[in-house]
Amino acid sequence: MDDNIQPEQRKDIQDTGPVKGGTLNLYSLNPDTLNPLFTKSKSNAEILNLVFNSLIIYDKNMNVFPSLAERWEVSPDGMTWTFFLRKDVKWHDNAQFTANDVDYTFKVLSSSKYDSIYKFNIQFVSYFSVVDEYTFKVVLTQPYGNFLEMMTFPIVAKHQFQGKELDGNTPDFKPIGTGPFKFVKYDPLKELRLKVNTAWWGENVPYIEDIIVKLVPDNNTALYALEAKEIDLVPTNVVDWEKYSGKGNIKIKEFITNYYEFIAVNFNNKVLSDKAVRKAIAYAIDRNKIINEVLLNHAKKSDVPVNPESWLYDPSSQIYDYDIQKAKEILNGAGWNDLNNDGVLDKVIDGVNMSLSFEIITNNDNVIRDKAATIIENQLKAVGMNVTVKKVAWNELNSILNSKNFDAVLSGLNLFPNSDLSFAFHSSEIERGTNFISYNNPQMDELLQQAFKAVDKEQRRQAYSLLQKQIAEELPYISLYFRTSAVLYNDRLRGDVNPIGTNIYNNIHKWYLLKE
């Protein structure tokens with residue numbers, strides 16, 4: 001049993017186990033909209049996910065599980081997906097959930113009239129149709145192994161919006177969902193109220209009866225409110241969150257995110273296009289030092305852009321431990337030597353004597369990245385590389401990358417779970433700009449295509465394993481780590497508080513509050 005749900009003593013209050021009732025205080029930034037298809041606010045989306053459900057959900061290892069879709073089938077060619085929907089789901093106004101609601105949601109996302117972040121999720125959908133009241137069919141333009149993971153967007157009620165504007169910006173708009181909590185009231189700039197959905201179709205009806213979402217300007221304000229016991233739970237990625245441990249009645253649960261940090265090199269650069277140089281960089285960077293000193297141990301090393309907790313992650317791809325001697329040997333073996341005794345290695349490339357010198361650019365508004373860049377600069381100089389770091393504004397950085405006028409960049413990506421990596425490494429993406437490093441390798445292209453098209457789970461695992469081995473060998477990105485975050489919460493909140501990267505309110509139906 002999880003230690004969070006063991007009966008335990010808090011001062012003079014006895015935890016006798018789950019009990020119904022109570023009000024949980026959460027927080028969000030002020031909502032940009034209450035329509036879950038259109039919000040661009042992460043904190044708002046997390047709250048709206050308590051009101052709405054999706055066809056599919058993730059677990060912590062990024063496996064997919066049924067939600068509104070009870071099960072699914074895929075055709076042998078991987079092109080046609082059929083979803084069989086639950087028949088016991090009601091909307092919060094007691095209307096029946098059907099395939100027409102899924103069809104309507106797909107139509108909204110595919111319409112040129114509306115701008116939703118979830119358009120990306122259906123980019124490979126050719127057409128879709130309602131087969132019957134509880135069966136929905138989707139046909140793709142090509143086999144797409146990651147398709148199920150894309151079906152994690154909220155489904156909205158057709159009857160609420162049909163013939164109306166999809167308005168979610170006004171205080172009188174009341175979202176109708178199928179989730180464990182129902183919308184009650186929205187007071188702009190102040191709070192949002194939810195109430196338990198006693199008719200929820202899920203594993204069990206939540207113990208917590210009411211939720212007050214306090215609207216605050218930023219995460220720091222929320223942390224102050226947590227200390228003051230005005231908010232019960234706050235997610236945060238500030239690296240010094242452990243200072244709250246033991247303060248008052250605050251508990252902490254850490255979890256790995258999909259936020260991935262890396263160094264990308266410009267393959268138009270003759271020095272950095274040398275694989276030996278990239279491998280030497282990978283060995284010369286002491287990532288443990290960066291993680292310990294800069295991130296206060298709140299990150300996990302990875303040599304590939306695949307989350308280490310994903311079922312697709314292959315641990316055999318983790319090969320670059322800090323080894324300064326090995327870095328020097330690789331460079332010497334590839335013909336890099338200090339020809340003029342100035343401390344910087346040189347090599348004759350295409351008849352020209354080239355110095356192992358390059359610039360790493362990064363954005364100047366990220367304190368953590370700033371500190372990491374300084375450590376990396378010094379570590380690479382120790383193996384004979386002349387490295388300088390340039391810090392620029394975010395807009396300028398994007399402009400530099402788009403123009404391909406750079407040597408290397410220290411940056412990060414918030415990767416989609418089990419992400420298709422073609423955007424970063426496939427040669428077809430060079431012109432479109434997402435492969436901004438101009439990496440062109442036919443073998444990598446083939447492996448990316450295999451991973452993209454693999455629908456069978458074991459075939460996907462094998463395809464991603466081969467892909468990760470190729471990435472670790474080629475180092476188109478020199479991977480650093482995946483960041484971790486945490487939820488800080490008042491210990492009056494009990495139960496299975498177990499946040500995951502895709503859902504900080506994971507298992508909220510198992511949470512309960514101590515009665516004072």
Side-chain angles (χ1 to χ4, degrees), residues 239 260-297 299 301-303 318-350 352-392 396-397 400-401 404-412 437 472 474-481:
V239 296
Y260 160 74
E261 290 275 323
F262 60 94
I263 296 173
V265 304
N266 189 343
F267 278 77
N268 297 312
N269 182 302
K270 291 184 178 181
V271 170
L272 295 171
S273 63
D274 183 342
K275 184 163 64 174
V277 171
R278 301 196 301 278
K279 286 196 168 190
I281 292 172
Y283 280 115
I285 296 175
D286 186 351
R287 289 175 290 176
N288 286 333
K289 178 180 176 67
I290 298 172
I291 290 171
N292 292 336
E293 295 183 7
V294 179
L295 292 160
L296 305 184
N297 210 30
K301 286 195 305 184
S302 179
D303 283 337
Q318 187 67 34
I319 57 179
Y320 294 102
D321 289 326
Y322 176 58
D323 191 333
I324 193 168
Q325 190 58 40
K326 191 163 189 175
K328 290 179 178 179
E329 290 172 359
I330 289 172
L331 290 170
N332 292 153
W336 289 96
N337 298 285
D338 187 359
L339 301 178
N340 52 11
N341 297 315
D342 64 352
V344 179
L345 302 182
D346 309 276
K347 180 180 179 179
V348 177
I349 302 176
D350 297 335
V352 178
N353 186 41
M354 305 285 288
S355 168
L356 213 174
S357 302
F358 59 93
E359 178 182 77
I360 299 176
I361 59 170
T362 193
N363 51 308
N364 60 11
D365 58 349
N366 188 312
V367 175
I368 290 172
R369 202 169 286 157
D370 185 0
K371 293 178 180 178
T374 300
I375 292 175
I376 290 169
E377 177 184 4
N378 292 330
Q379 290 175 345
L380 296 184
K381 284 181 177 178
V383 295
M385 300 184 187
N386 179 26
V387 180
T388 56
V389 173
K390 181 180 180 181
K391 299 157 191 172
V392 298
E396 184 181 352
L397 177 63
I400 291 171
L401 297 182
K404 304 187 188 301
N405 185 26
F406 69 98
D407 297 330
V409 58
L410 172 61
S411 191
I437 59 176
E474 282 289 303
L475 295 175
Y477 285 178
I478 298 158
S479 299
L480 298 175
Y481 40 76

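Quick note: numbers below take in every heavy atom, side chains included, and nothing from hydrogens, waters or symmetry partners.
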Can you find a heavy atom in the side chain of V409 that is under 4.5 Å from one in the side chain of L397?
-> yes
Which is it for T374 and N378 under the side-chain contact (heavy atoms from CB on, under 4.5 Å) test, yes or no, and what are the steps along the way?
-> CA-CA 6 Å; T374 300; N378 292 330; 4.0 Å; yes
Min side-chain heavy-atom separation R278-F267 under 4.5 Å = yes
What salt bridge (Lys or Arg N to Asp or Glu O under 4.0 Å) pairs are there with at least one residue in residues 331-341, not counting sequence neighbours?
-> none
With sequence neighbours excluded, residues passing side-chain contact (heavy atoms from CB on, under 4.5 Å) with S357 | V344, S355, N386
Could you state the interatomic distance from CG (L401) to CD1 (I437), rounded to the nearest 0.5 Å?
-> 11.0 Å
Search all heavy atoms of S479 against all heavy atoms of Y260 and return the closest pair with its distance.
-> OG-OH, 2.7 Å
For E293, check salt bridge (charged side-chain N to carboxylate O under 4.0 Å, His left out) against everything at least two apart and list the hits.
-> K289
In chain order, what residues pass the side-chain hydrogen bond (donor to acceptor under 3.5 Å, both in side chains) check against K275, with sequence neighbours excluded?
-> E473, E474
Can you check whether A408's main-chain N or O pairs, donor with acceptor, with E359's side chain at less than 3.5 Å?
-> no
Pairwise salt bridge (Lys or Arg N to Asp or Glu O under 4.0 Å) hits with a residue in residues 366-388, at least two apart | E261-R369, D370-K391, E377-K381
Contacts of F358 meeting ring pair (Phe, Tyr, Trp, His ring centres under 6.0 Å) (sequence neighbours excluded), chain-then-number -> none
Where A373 and T362 come nearest, the two heavy atoms and their spacing = CB-CG2, 4.5 Å
Tell me, please, which residues at least two apart from D274 pass salt bridge (charged side-chain N to carboxylate O under 4.0 Å, His left out).
-> K347
Spacing of CD1 belonging to I290 relative to CD1 belonging to I285, to within rounding of 0.5 Å | 6.0 Å
Quick one: pull up CD1 in I281 and CD1 in I376 and give me the separation to the nearest 0.5 Å.
-> 10.0 Å
Contacts of type side-chain contact (heavy atoms from CB on, under 4.5 Å), residue N268, not counting sequence neighbours = N266, K404, S438
Pair K279-Y320, side-chain contact (heavy atoms from CB on, under 4.5 Å): steps then yes or no | CA-CA 8 Å; K279 286 196 168 190; Y320 294 102; 3.5 Å; yes
Euclidean distance, S411 OG relative to N363 CG, rounded to 0.5 Å | 6.5 Å
Heavy-atom pair with the smallest gap, counting every atom of V265 and I478 = CG1-CD1, 4.2 Å
When you measure from the side chain of D407 to the backbone N and O of I360, does any donor-acceptor pair fall under 3.5 Å?
-> no
Does N366 reach the main-chain N or O of I368 with its side chain, forming a donor-acceptor pair under 3.5 Å?
-> yes
Stepwise side-chain contact (heavy atoms from CB on, under 4.5 Å) check, E396 with N364 = CA-CA 10 Å; E396 184 181 352; N364 60 11; over 6 Å; no
So with a 6.0 Å cut-off around NZ of K390, is the heavy-atom count from everything else above 12?
-> no
Would you check if D346 and M354 make a side-chain contact, meaning some heavy-atom pair closer than 4.5 Å?
-> no
Measure the spacing between CG of D303 and CG of L475 and express it to the nearest 0.5 Å.
-> 7.5 Å
In terms of heavy-atom contacts, L331 and A280 come closest through CG-CB, 3.5 Å
What class does the angle between the rings of Y477 and F262 fall in, given that below 30° is parallel, 30 to 60° is tilted and above 60° is perpendicular?
-> parallel
Partner residues of D342 under the salt bridge (charged side-chain N to carboxylate O under 4.0 Å, His left out) criterion, sequence neighbours left out | none
Any donor-acceptor pair under 3.5 Å linking the side chain of R287 with the backbone of D321?
-> no
Just jot down the ring pair (Phe, Tyr, Trp, His ring centres under 6.0 Å) partners of Y481, sequence neighbours excluded, or say none.
-> none
Where do Q379 and D286 come nearest, in terms of heavy atoms and distance?
-> OE1-N, 2.8 Å
Reported OH-to-CD1 distance for the pair Y283 and I330, which is rounded to 0.5 angstrom | 5.5 Å
Quick check: does any side chain N or O of N405 sit under 3.5 Å from a backbone N or O of I400, one acting as donor and the other as acceptor?
-> no
List in chain and number order the residues that pass side-chain contact (heavy atoms from CB on, under 4.5 Å) with N297, two or more places apart in sequence or in another chain; answer none if no residue qualifies.
-> I291, N292
Could you pull out all residues at least two apart from I324 that satisfy side-chain contact (heavy atoms from CB on, under 4.5 Å)?
-> Y322, K328, A382, V383
Min side-chain heavy-atom separation I361-L410 under 4.5 Å | no
